[in-house]
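These notes concern the structure reproduced below.
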Amino acid sequence: MRVLVLGGGPAGATAALQARELGADVTLVEAKRVGGTSLNEGPAPVRTLARAARLMRDARSWGQFGLRGDPPQVDIAAVLANADRVASYAHQRRRLAEVIASQGIHLVEGAGPARFVDPHTVRIPDGRAFGGDAVIVAVGGHAGRLPIPGAELALTYEDVRGLTALPASVAVVGGADTGCQLASILADFGAQVTLVEASPRLVPHADQDVSATLADAFRRRGITVSTATLVERLDRTPAGVAVQYRSGSEQARLEVAAVFFAVGWPGNADALGADAVGITTSRGYVQVGKDLRSSLPHVLAAGDVNGISMLVPSARHEGRIAAENAVLGTRRQFSHEVVPTGSFTDPEYGSVGLTEAQARERYDCAVAVVRYDDLVRPVVDARPEGFCKLIVERRHRYLLGAHVVGEYAAEVIQMAAACMAANMRV
């Protein structure tokens with residue numbers, strides 16, 4: 001059995017290792033460096049920036065604790081160099097390429113963009129071709145751009161690491177997880193930030209209380225939050241970029257030094273020429289069933305490229321299932337019911353399971369909320385803002401969802417997720 005894996009991020013690397021463990025002859029083709037966005041451009045480097053932002057925020061609170069002295073200044077070049085150091089360390093420490101190759105997998109790194117030449121074969125720019133009896137597509141996605149005039153003037157989170165100076169004023173277009181994180185980090189670094197979201201609230205997929213609390217906290221920090229607002233065009237100005245936007249019937253113009261788009265994460269399947277060989281796609285995502293098979297049964301898709309759950313744990317889970325189905329011919333289905341998520345904003349937020357609105361549509365449930373300012377630890381830390389909400393199904397007392405805003409929310413939510421995964425009852 002020959003398995004061809006396209007993409008060496010969390011989904012692809014996991015799929016390759018699982019397929020090899022199951023006895024397949026595996027080839028893994030990666031356009032750049034194994035690790036994918038997760039290790040190279042995404043969570044690891046961005047969380048390093050978020051850590052620097054947290055330290056800046058903490059320094060500004062010294063006076064509350066009776067501490068005197070000048071707070072530090074942001075050296076953006078040094079901050080970004082440290083993010084690169086973390087990404088490099090992760091590669092050196094994990095030795096992912098060595099681990100993959102040591103298992104007998106044929107690893108092709110730095111291959112450049114691959115394209116299908118037939119349903120079983122891809123070719124890379126140097127002319128080499130690779131094939132498999134089964135193909136697992138795990139080529140991830142990329143930062144989206146609005147289809148508006150002047151869109152090319154905007155940056156994305158991928159461009160943050162290329163900054164040579166901190167822009168004095170920034171408009172972040174898109175108020176979901178990535179946009180909120182960008183806005184929060186840049187604000188902590190000292191930029192004047194305007195956050196624009198087309199939906200009526202920030203992080204539209206989140207629990208309503210998370211959205212409201214986050215927006216209130218951002219506004220208190222001096223971030224301008226504009227929801228139900230559509231950006232219509234960008235124009236270059238001598239000092240940066242002008243943003244033309246509309247809120248209801250009211251139109252306005254905002255001039256800033258830089259604009260960042262955080263408007264979605266389209267899949268990369270189109271770059272493979274997937275449609276040309278009969279693989280059904282939509283907006284760059286491979287369309288798959290619950291067993292992760294595409295319209296061609298021997299082609300499976302895992303991770304961001306299928307558009308189902310844009311999270312590293314989900315990608316790894318799907319990679320294992322795709323490999324098992326490809327090698328063993330099974331039709332095992334994925335499930336993403338208990339997937340904790342968190343964002344390193346100020347304040348942090350984390351969620352798992354159903355929102356309160358979703359739970360009330362489906363269950364007779366009880367909802368309990370504990371405020372951070374009722375607890376001593378957050379008050380001691382001078383971070384009393386936030387809450388923990390638990391949503392419980394009344395009849396059997398199972399935990400349906402949990403939502404946390406405040407310090408260490410990304411860690412706190414893991415406990416709730418563990419309880420849910422273990423089917424523990426309240």
What do the steps show when you test Ile105 against Thr27 for side-chain contact (heavy atoms from CB on, under 4.5 Å), and what is the final call? CA-CA 6 Å; Ile105 295 168; Thr27 298; over 6 Å; no

Check whether any side-chain N or O of Ser314 sits under 3.5 Å from a backbone N or O of Val312 as a donor-acceptor pair, and report yes or no. no

Take Asp177 and Ser343, measure what side chain to side chain donor-acceptor pair (under 3.5 Å) needs, and give me the verdict at the end. CA-CA 6 Å; Asp177 295 328; Ser343 189; 5.0 Å; no

Could you check if a side-chain atom of Pro347 sits within less than 4.5 angstrom of a side-chain atom of Leu214, using non-hydrogen atoms only? yes

Considering residues, nucleotides and ligands other than Gln73, do more than 12 of their heavy atoms fall under 6.0 Å from its CD? no

Please work out whether the ring planes of His317 and His336 are parallel, tilted or perpendicular, with thresholds of 30° and 60°. perpendicular

With no hydrogens and no angle check, is any side-chain donor or acceptor of His298 less than 3.5 Å from a backbone partner on Pro119? yes

Given side chains that start at C-beta, do those of Asn325 and Ile321 come closer than 4.5 Å, heavy atoms only? yes

Between Val370 and Phe387, is there a side-chain heavy-atom distance shorter than 4.5 Å? no

Can you find a heavy atom in the side chain of Phe260 that is under 4.5 Å from one in the side chain of Val193? no

Might you point out which heavy atoms bring Thr355 and Ala206 nearest each other, and give the distance in Å? CG2-C, 3.9 Å

Could you check whether Asp373 pairs with Arg371 (Lys NZ or Arg NE/NH1/NH2 to Asp/Glu carboxylate O, under 4.0 Å)? no

Tyr349: which of Val405, Val404, Asp207 passes side chain to side chain contact (heavy atoms under 4.5 Å, CB included): Val405

Between Asp304 (side chain) and Gly140 (backbone), is there a donor-acceptor pair under 3.5 Å? no

Do Val305 and Tyr285 have side-chain heavy atoms sitting under 4.5 Å apart? no

Gap separating the CG atom of Asp381 from the CD atom of Gln64, nearest 0.5 angstrom: 11.0 Å

Pairing donors with acceptors under 3.5 angstrom, does anything connect the side chains of Asn82 and Thr48? no

Taken to the nearest 0.5 Å, the spacing of Leu296 CG from Thr280 OG1 works out to 7.5 Å

Where do Ala257 and Ala168 come nearest, in terms of heavy atoms and distance? CB-N, 4.2 Å

Arg201 backbone acceptor or donor facing Thr227 side chain under 3.5 Å: no

Would you call Arg253 and Glu255 a salt bridge, using N to O less than 4.0 angstrom? yes

Answer yes or no: does atom CG of Asp70 have more than 12 heavy-atom neighbours from other residues, nucleotides or ligands under 6.0 Å? no

Salt bridge between Asp188 and Arg60, side-chain N to carboxylate O under 4.0 Å? yes

Using atom types as modelled and distance alone, determine if a side-chain donor or acceptor of Arg233 lies under 3.5 Å from a backbone N or O of Ala151. no

May I ask you to say whether Arg33 pairs ionically with Glu109, meaning some side-chain N is under 4.0 Å from a carboxylate O? no

Is a side-chain N or O of Ser294 found less than 3.5 angstrom from the main chain of Val299, in a donor-acceptor match? yes

Give a yes or no on whether the backbone of Ala78 and the side-chain of Asp75 come within a donor-acceptor separation of less than 3.5 Å. yes

Smallest heavy-atom separation, Ala176 atom then Val203 atom, equals C-CG1, 3.7 Å

Exercise: identify the closest heavy-atom pair between Gly144 and Phe261: O-CB, 3.9 Å

Salt bridge or not between Glu407 and Arg54? Use side-chain N to carboxylate O under 4.0 Å. yes

Tell me yes or no: between the side chains of Gln103 and Glu21, is some donor less than 3.5 Å from an acceptor? no

Ionic contact status for Asp25 with Arg20, cut-off 4.0 Å: no

Just so I know, are the side chains of Thr156 and Arg145 near enough to count as touching, which here means a heavy-atom distance under 4.5 Å? yes

What's the spacing between Thr213 OG1 and Gln208 CD if we round to 0.5 Å? 9.5 Å

Determine, step by step, whether Leu107 and Val34 satisfy the side-chain contact (heavy atoms from CB on, under 4.5 Å) criterion, reporting the C-alpha distance in whole Å, the side-chain angles of both residues, the deciding distance to 0.1 Å, and the verdict. CA-CA 9 Å; Leu107 173 63; Val34 291; 3.7 Å; yes

What's the verdict on side-chain contact (heavy atoms from CB on, under 4.5 Å) for Leu163 and Leu155, showing C-alpha distance, side-chain angles and the deciding distance? CA-CA 10 Å; Leu163 292 176; Leu155 305 173; 4.3 Å; yes

Full working for side chain to side chain donor-acceptor pair (under 3.5 Å) between Thr345 and Ser184: CA-CA 5 Å; Thr345 48; Ser184 185; 5.3 Å; no

Pairwise side-chain contact, Leu195 with Phe218, heavy-atom cut-off 4.5 Å (strictly under): yes

d(Ser211 OG, His403 NE2) to nearest 0.5 Å is 10.5 Å

Okay, side chain of Arg115, backbone of Ala271: is any donor-acceptor separation there less than 3.5 Å? yes

If we ignore hydrogens and angles and just use 3.5 Å, is the side chain of Thr121 paired with the main-chain N or O of Val117 as donor and acceptor? no

Please tell me if the side chains of Ser61 and Arg383 come closer than 4.5 Å, counting only heavy atoms from C-beta onward. no

Using side chain to side chain contact (heavy atoms under 4.5 Å, CB included) as the criterion, point out the one residue from Ile185, Leu186, Leu80 that pairs with Val160. Leu80

For the student: nearest non-hydrogen atoms of Asp209 and Lys389, plus distance: OD2-NZ, 2.8 Å

So CG of Leu300 and CG of Asp291: to nearest 0.5 Å the spacing works out to 7.0 Å

Take Val288 and Arg293, measure what side-chain contact (heavy atoms from CB on, under 4.5 Å) needs, and give me the verdict at the end. CA-CA 5 Å; Val288 297; Arg293 295 184 188 276; over 6 Å; no

At their closest point, which heavy atom of Ser282 faces which heavy atom of Gln287, and how far apart are they? CB-NE2, 3.5 Å

Between the side chains of Asp118 and Arg123, is the shortest nitrogen-to-carboxylate-oxygen separation below 4.0 Å, so that they form an ion pair? no

Separation between CD1 of Ile279 and CG of Leu272, rounded to the nearest 0.5 Å: 7.5 Å

For the side chain of Gln18 and the backbone of Ala323, is there at least one donor-acceptor N/O pair under 3.5 Å apart? no

